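Take a look at the structure below.
As the structure lists them, so they are numbered: ligands from 1, and atoms in each ligand from 1. Just so it is clear, the model here is predicted, and its values are computed rather than measured.
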Amino acid sequence: MNIRNPYLNDLMERIVRRDPQEREFHQAVHEVLSSLAPVVDARPELASSGVLDSLVEPERTIKFRVPWADDQGRVHVNRGYRIQFNSAIGPYKGGLRFHPSVNESIIKFLGFEQIFKNCLTGLPIGGAKGGSDFDPKGKSDAEVMRFCQSFMNELYKYIGPDADVPAGDIGVGAREIGYLFGQYKRLTTQFSGAITGKGPAYGGSLARTEATGYGLCYFADNMLRAAGRSFAGATVVVSGSGNVALYACEKATALGGKVVAMSDSEGYVYDPDGIDLPLMKQLKETERRRIREYVTHRPSAQYHEGCGGIWQIPCHIALPCATQNELDLPSARALVANGCFAVAEGANMPSTPEAVALFQEQGVLFAPSKAANAGGVAVSALEMSQNSMRLFWSFDEVDAKLKEIMTRLYHSAAQAAERYGMPGNLVAGANIASFSKIADAMLAYGLV
Ligand code: NDP
């Protein structure tokens, strides 16, 4: 789809020509550039200075071999990545994803999104992302440990508390962060805040585990209230059952909603009485089992094969918290037809562009991921602050700061949208609010 500003349109075409196979990256860049037309119209120096040409090219791409041995002594070789996208406003920051689907396009799209998300938190952090096509599912703890140690044997050269601070993402939870940080500490002889998402026993922040899911609901709550709505009494569907989904379910319930469905990559459960969260946490967080086992403990619930069907369940609020492009146009149509009035994205870019366009056309309140799921990285930045100060804040202190950050973030996106004549369009508002600050920093540096 053409972008109405000729410079931005030409830039988009050049990006596609240069790396034609990077579809996810094109999708993420197209969404941002499309929102920026009014800003570039008002500030032509943004085109002539080359700031946007620089912004869409990573500062550095690190790609490496990760050899590891399984429990039978067989050697496997995976591919590792760290894309240090932009450090205009602070050290690179962004998670690591371990999943078989990981490739350069996916890490690039995530790193690009991270630049804007991190800026929106109001904290001084640049954007990066990394990961590997390694699949932790079905591996023993010892295999995961050997993989993480091998991954860090290369990565440690490029990271540090003032340089680049990785964290978790899909497939990288508390266990993986422990192995990664342990190896970093061994290799560098430094106990520093070079990784976030650490356990509270060794420098982690309280409330980091809950931060993305809670932050999503704080953001959504602001958006709902501004429209005279709320979670109270609403039926909610949450896709996924990982870190983001579990804590989104917890906070949505605390705010008065009833979560009736959750999923994993194989299927979904529908529990009309409301999801039994302690049971779900036990199965997915503690025991790492499949979601289908939920119904053996709750016979009143139903299990359906295939994760995409979850969007057919009638709900008022949808929280996609699994993965990119999981909510397509037919799913969006089903949500709208069933009376859904709000969608807030917990995963990164879970709605396809066609789905987003439909929500906007139909007046469905829509909270885009780069704003709505920024709570995780915000608390990661708070973890960096605590590590630097050698201080440790209580759960309530961190949670209160998270709530304040998400509320401020909502207002800055909403106000930017309003200022540029697109009231209620939080996609444009989030892109414009963050871009202006990053561009000003880049302009101040001159050609870098
Ligand atoms: P986890 O690995 O903890 O969980 C991912 C969940 O999604 C799992 O339940 C997985 O199922 C499920 N899943 C994967 N693919 C699908 C699919 N196609 N349909 C339905 N379910 C699926 O990851 P996180 O919760 O950490 O991350 C989820 C999303 O949130 C990602 O997009 C991530 O980038 C984003 N995010 C995460 C942050 C964080 O702090 N963790 C911060 C900001 C964004 P299975 O168990 O079968 O694999």
### Query
When you look for protein heavy atoms under 4.0 Å from ligand 1, which residues do they belong to?
R97, K137, D169, I170, G171, R208, T212, G240, S241, G242, N243, V244, S263, D264, S265, K284, R290, C307, C321, A322, T323, G346, A347, N348, N373

### Task
Examine R79 relative to F64 and say whether NZ or CZ is less than 6.0 Å from the centre of the six-membered ring and inside a 45° cone about the ring axis.
no

### Task
Please work out whether the ring planes of F366 and F359 are parallel, tilted or perpendicular, with thresholds of 30° and 60°.
parallel

### Query
For the ring pair F151 and Y184, is the centre-to-centre distance below 6.0 Å?
no

### With T253 via side chain to side chain donor-acceptor pair (under 3.5 Å) - residues at least two apart
none

### Query
Nearest 0.5 Å, what's the OG-CZ distance between S263 and R292?
13.0 Å

### Task
For the pair K370 and E345, find out whether any cationic side-chain nitrogen is under 4.0 Å from an anionic carboxylate oxygen.
no

